[in-house]
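Whatever order the structure lists ligands and atoms in, that order sets their numbers, starting from 1. Counting from 1, the numbers follow the sequence of the chain as shown.
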Amino acid sequence: MARILLGVTGSIAAYKACELLRRLVSAGHDVVPLVTPGAARFVTPETFAALARRPAGESPYPHLEHADLLVVAPCSANTLAQLAHGLADTVLTEAALAHRGPTLVAPAMNSRMWTHPATRANVELLRGRGVELIGPEEGELAEGEWGPGRMSEPELVAARCEELLGPHEAAAGSLRGRRVLVTAGGTREPLDAVRFIGNRSSGRMGVALAVEAAHRGAEVTLLAANLATPPPAGLEVVDTPTAADLARELLARADGAHLVVMAAAVADYRASEPREDKRPKDEEPWRITLEPTLDVARELGERRRNGQVLVAFGADQGEPGLARKRAMLDSKGVDLVVYNDVGRTDIGFDSPDNEVTLITRAGERTVARAPKGAIAGAVLDEAERLAGSRRGS
Ligand SMILES: Cc1cc2nc3c(=O)[nH]c(=O)nc-3n(C[C@H](O)[C@H](O)[C@H](O)COP(=O)(O)O)c2cc1C
């Protein structure tokens, strides 16, 4: 049984929190409802206290109680902003500041509020801190408009709570004493003083992996290539803007690492002679010769020591891409290839979600579309399994 803090905020979707609470309680969890004054306009705190099987107003300090999970569902735009900026003027936001552990947020709001740049920035801040968001879904909103903003259905939120609690409880400390190196983001190869060749990787997948490894007790170093999301607090972060920087830092640290997860999108080519100055604009074509960068995954595969597990992400398209990624097991000498289909627009580079195929020498399995935090859990589960079978063999 886990202890869950359930935050409910002033959204028309507050009624969905009743069903979520009912499901969590039926699953045997100890749930402490934290109802904002805004939410109390929609559903009374007494209703939540009754569903949680607790006397109303039981503890004056619910926010200081230890909890295994904080879930905020529905989360209004206002509370989302407060969480992002560390404000604490409701029982819920106080609890969020005191909470140390996984946090799941299910936003619900009008789609114009959801797409406002202020909300987008707040979402990025939260994600960067390792907070996981579920939804919102697209659909008809309470005002009769259509768009993203509906809170995810309670059964989906409850299922995600179980996943976050299950692996966490099982995996808590499972990487204690292990050193994990994670690469994240996309490298930029200079063409001149201001221009570069880059890619669309935001770094969210790598950051999610680093956060998950740290939750599991690992000593994590994140090699960060131009992250579009703030790096997580509490980890060693080394800036590696170019493929050469990333290769240098990775090779310098790899010998001491038990697990290396290469999630960064590293340039395969760079300009052979980047200009030091800014090339002035003129009418002439600009011919650039590209040369291959060091294949750092292969380099690591060749020099790895016993017991080290190497994981490489591979972005490609469709079935032919999958076949090319299968070949990476041998061509690069890695243990696990995580295949990302970049032909799809609903997952991958700019999306909070991902869907991947995990390829090992023993076989393949697809991890269904899920937030990147959940995908990170599946990747690390597989990496730990490989490490365990290595030790066993
Ligand atoms: C009928 C009604 C429905 C509302 N629904 C939402 C909503 O779905 N999402 C949201 O962000 N705000 C919604 N609001 C506005 C919030 O209730 C308001 O911003 C409030 O200050 C939120 O406080 P809280 O975040 O502390 O609960 C709604 C307001 C009203 C009157």
Side-chain angles (χ1 to χ4, degrees), residues 4-21 24 31-52 56-57 59-65 67 69-99 103-127 129 131-158 160-161 352 371:
I4 301 174
L5 300 177
L6 172 62
V8 187
T9 72
S11 156
I12 197 89
Y15 72 94
K16 288 186 174 177
C18 298
E19 172 61 12
L20 173 61
L21 176 50
L24 294 173
V31 186
V32 182
L34 304 172
V35 182
T36 67
R41 292 185 299 164
F42 295 89
V43 184
T44 64
E46 288 75 13
T47 305
F48 291 108
L51 287 169
S59 161
Y61 304 114
H63 59 288
L64 295 182
E65 293 187 21
L69 174 68
L70 166 66
V71 49
V72 187
C75 185
S76 66
N78 173 59
T79 293
L80 194 120
Q82 292 196 323
L83 294 175
H85 295 280
L87 302 182
D89 68 355
T90 65
V91 70
L92 163 59
T93 47
E94 285 165 8
L97 270 190
H99 176 66
T103 302
L104 181 65
V105 167
M109 65 195 74
N110 173 277
S111 47
R112 278 171 286 142
M113 292 166 85
W114 173 246
T115 53
H116 191 283
T119 306
R120 308 309 318 140
N122 291 332
V123 164
E124 285 309 316
L125 276 174
L126 289 173
R127 283 204 178 111
R129 248 184 255 140
V131 170
E132 184 171 316
L133 275 79
I134 181 165
E137 311 296 331
E138 184 154 326
E140 188 173 3
L141 305 173
E143 314 84 324
E145 295 178 20
W146 187 274
R150 281 173 66 89
M151 181 184 136
S152 292
E153 290 308 315
E155 57 268 33
L156 282 180
V157 181
R160 186 64 196 134
C161 288

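Listed by first and then second residue, the salt bridge (Lys or Arg N to Asp or Glu O under 4.0 Å) pairs involving residues 104-114 are Arg112-Glu145 (not counting sequence neighbours). Sorted by first and then second residue, the side chain to side chain donor-acceptor pair (under 3.5 Å) pairs involving residues 117-126 (not counting sequence neighbours) are His85-Asn122, Glu124-Arg204.
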Give the intermediate values and the outcome of side chain to side chain contact (heavy atoms under 4.5 Å, CB included) for residues Asn78 and Thr9.
CA-CA 9 Å; Asn78 173 59; Thr9 72; over 6 Å; no

Steps toward side chain to side chain contact (heavy atoms under 4.5 Å, CB included) verdict (Val8, Val43)
CA-CA 9 Å; Val8 187; Val43 184; over 6 Å; no

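Residue contacts with ligand 1 for Ser11 involve both N, CA, C or O and side-chain atoms from C-beta outward (heavy atoms, distance under 4.0 Å). By the criterion of a heavy-atom distance under 4.0 Å, neither the backbone nor the side chain of Gln82 is placed next to ligand 1.
Annotation for ligand 1: atoms under 4.0 Å from non-hydrogen atoms of Thr9 are 25 (O), 27 (O). Atom numbering of ligand 1 starts at 1 in the shown order; those under 4.0 Å from a heavy atom of Thr36 are 24 (P), 26 (O), 27 (O). In the vicinity of Ala77, heavy-atom distances shorter than 4.0 Å reach the ligand 1 atoms 10 (C), 11 (O).
Looking only at side-chain heavy atoms (C-beta outward), Thr93 and Leu34 stay at 4.5 Å or farther from each other. In this structure, the side chains of Cys75 and Leu83 come closer than 4.5 Å at one or more pairs of heavy atoms. Residues Leu87 and Asp89 fail the side-chain proximity criterion, which asks for heavy atoms closer than 4.5 Å.
Among protein heavy atoms, the minimum distance from atom 30 (C) of ligand 1 is reached at Phe42 CZ, 3.8 Å. Closest to atom 5 (N) of ligand 1 among all protein heavy atoms lies Ile12 N, 3.3 Å. Distance from atom 12 (N) of ligand 1 to its nearest protein heavy atom, with residue and atom name: Gly10 O, 3.6 Å.
Distances from ligand 1 to the non-hydrogen atoms of Ala108 include at least one value under 4.0 Å.
Looking at Val72, Thr93, Asn78, Thr119, it is Asn78 that brings a heavy atom closest to atom 22 (C) of ligand 1.
For ligand 1, none of its N or O atoms has an N or O atom of Ala13 under 3.5 Å away. Residue-to-ligand polar distances place Arg41 within reach of ligand 1: an N/O pair is separated by less than 3.5 Å. Below 3.5 Å of separation, one finds no N or O of Thr90 facing any N or O of ligand 1.
Between Val105 and the options Leu70, Ile134, Leu80, a side-chain contact (heavy atoms from CB on, under 4.5 Å) holds for only Leu80.
The closest donor-acceptor contact from the side chain of Arg129 to the backbone of Ala84 lies under 3.5 Å.
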